[in-house]
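For reference, the structure discussed in these notes is given below.
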Amino acid sequence: MVEFKNVTIKYSENVGIFNVNLSIGKGEFVFLLGDSGAGKSTILKAIYFDEIPTSGEVIFAEHSSLTLKNKELPFIRRKIGVVFYDFKLLEDRNVFENVAFALRVTQMPRKQVKIKTLKILTEMGLVQQRYKMPNNLSAGEKQKVAIARALINEPYILLADEPTGNLDIASEREIIEILKKVNLRGTAVLMATHNTRIVEENTSFQKIYLSKGKITG
Ligand SMILES: Nc1ncnc2c1ncn2[C@@H]1O[C@H](COP(=O)(O)OP(=O)(O)OP(=O)(O)O)[C@@H](O)[C@H]1O
Ligand SMILES: [Mg+2]
């Protein structure tokens with residue numbers, strides 16, 4: 001579903017990612033590991049077609065960075081869920097609207113939007129919180145809202161960039177359990193982290209190691 005063929009994204013001399021080859025299949029759970037600056041976020045951005053390779057090719061589903069048209073981007077990105085360490089919620093909208101927003105842009109009928117949004121908020125244990133504004137939520141709750149928003153369009157893959165970076169250990173474990181459930185239902189998960197404890201606690205998942213922009217294992 002995701003394939004990198006000799007991908008280089010060069011920001012400047014020796015800065016970026018270099019000759020990266022990788023593939024992620026349907027339903028896999030993969031950790032993307034490496035020190036700060038290793039190129040983890042750059043790889044996630046390349047899958048989202050937010051960065052286009054200097055050379056090489058990124059393929060997501062049936063789309064290639066070589067033939068991509070700008071007008072296709074919004075439709076492609078609906079098939080990719082993204083979650084960040086700092087949540088990136090819309091601070092002026094409540095929990096319900098933060099999640100529903102991602103559906104409204106698809107021009108889905110209002111009633112349908114409501115049904116789908118309430119369903120996912122219920123699954124995340126957030127339905128009681130639906131009228132709260134983001135700044136009245138705990139960090140763990142914020143990340144659950146962000147995950148609900150990322151999943152509402154039923155993406156093929158969820159890209160999580162250090163999703164537990166702002167959380168305590170209890171919330172971190174809760175978020176990892178949610179990501180595992182999401183994965184069991186068939187969504188691929190690619191999670192960038194430098195948190196070695198998470199990796200030690202989840203030995204069964206695939207790992208991609210990056211160092212200075214290159215894959216080392
Ligand atoms: N837009 C950009 N312009 C110039 N350099 C960039 C840009 N984005 C990233 N870089 C550089 O590319 C390298 C890889 O950055 P990247 O953000 O992918 O690392 P990372 O592994 O995600 O690090 P962290 O764990 O700190 O998030 C770094 O040296 C970074 O400074
Ligand atoms: Mg990063």
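Note: hydrogens, waters and symmetry copies are ignored here, and every other heavy atom, side chains too, is used.
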Legend entry - Pairwise ring-ring contact (aromatic ring centres under 6.0 Å, His included) hits with a residue in residues 102-140, at least two apart: none
Inset, instruction - Could you list the residues that satisfy salt bridge (Lys or Arg N to Asp or Glu O under 4.0 Å) with E174, not counting sequence neighbours? - result: K144
Inset, instruction - Determine the sole option in T106, V99, L103 for which the side chain to side chain contact (heavy atoms under 4.5 Å, CB included) test with V113 is passed. - result: L103
Inset, instruction - Check whether any side-chain heavy atom of I176 sits under 4.5 Å from a side-chain heavy atom of T164, and report yes or no. - result: yes
Legend entry - Whether Y156 and F60 hold their rings parallel, tilted or perpendicular, with breakpoints at 30° and 60°: tilted
Inset, instruction - Just grab all the ring-ring contact (aromatic ring centres under 6.0 Å, His included) pairs involving residues 84-121, residues at least two apart or on different chains. - result: none
Inset, instruction - Can you sort out the partners of K116 under salt bridge (Lys or Arg N to Asp or Glu O under 4.0 Å), two or more places apart, ordered by chain and number? - result: E154
Legend entry - Inter-residue atom distance I152.CD1 - N98.CG, 0.5 Å rounding: 11.5 Å
Legend entry - Side-chain donor-acceptor pair present, E172, N195, cut-off under 3.5 Å: yes
Legend entry - Side chains of K10 and E13 in contact at under 4.5 Å (non-hydrogen atoms): yes
Inset, instruction - Tell me, with the steps shown, if E123 and K119 meet salt bridge (Lys or Arg N to Asp or Glu O under 4.0 Å). - result: CA-CA 6 Å; E123 284 168 9; K119 181 165 178 274; 3.5 Å; yes
Legend entry - Separation of T54 OG1 from F18 CZ (nearest 0.5 Å): 8.0 Å
Inset, instruction - Measure the spacing between CD of Q143 and CD1 of I178 and express it to the nearest 0.5 Å. - result: 9.0 Å
Legend entry - salt bridge (Lys or Arg N to Asp or Glu O under 4.0 Å) partners for R93, two or more places apart: none
Inset, instruction - Report the residue from I198, V199, T196 that forms a side chain to side chain contact (heavy atoms under 4.5 Å, CB included) with L33. - result: V199
Legend entry - Min side-chain heavy-atom separation D161-V82 under 4.5 Å: no
Inset, instruction - Verify the distance criterion only: is there a donor paired with an acceptor across the side chains of N202 and K180 at less than 3.5 Å? - result: yes
Inset, instruction - Measure the CE-CG distance between M191 and L44 for me, rounded to the nearest 0.5 Å. - result: 11.0 Å
Legend entry - Pairwise side-chain contact, R78 with P155, heavy-atom cut-off 4.5 Å (strictly under): no
Legend entry - Side-chain H-bond candidate by donor/acceptor type, E3 with S23, under 3.5 Å: no
Inset, instruction - Just do the side-chain contact (heavy atoms from CB on, under 4.5 Å) check on L151 and M124 with the steps written out, would you? - result: CA-CA 11 Å; L151 294 177; M124 289 285 171; 3.9 Å; yes
Inset, instruction - Flag the pair I76 / F49 as yes when at least one side-chain heavy-atom distance between them is below 4.5 Å, and no otherwise. - result: yes
Inset, instruction - Using modelled atom types only, decide if a donor and an acceptor are shared between the side chain of R130 and the backbone of V127 within a distance under 3.5 Å. - result: yes
Legend entry - Value rounded to 0.5 Å, distance of CZ in F31 from CZ in F205: 6.0 Å
Legend entry - V2 side chain near L22 side chain, heavy-atom distance below 4.5 Å: yes
Legend entry - Min side-chain heavy-atom separation L32-L190 under 4.5 Å: yes
Legend entry - 4.5 Å side-chain heavy-atom contact, I47 and F4: yes
Inset, instruction - Under the salt bridge (Lys or Arg N to Asp or Glu O under 4.0 Å) rule, collect the residues that match up with E28, sequence neighbours excluded. - result: none
Inset, instruction - Spell out, as yes or no, whether a donor-acceptor pair under 3.5 Å connects the side chain of T122 to the backbone of L118. - result: yes
Inset, instruction - Dump the intermediate steps for side-chain contact (heavy atoms from CB on, under 4.5 Å) on I17 and T8, then the final yes or no. - result: CA-CA 5 Å; I17 57 171; T8 292; over 6 Å; no
Inset, instruction - Please determine, by modelled atom types, if S65 and E57 share a side-chain donor-acceptor pair under 3.5 angstrom. - result: no
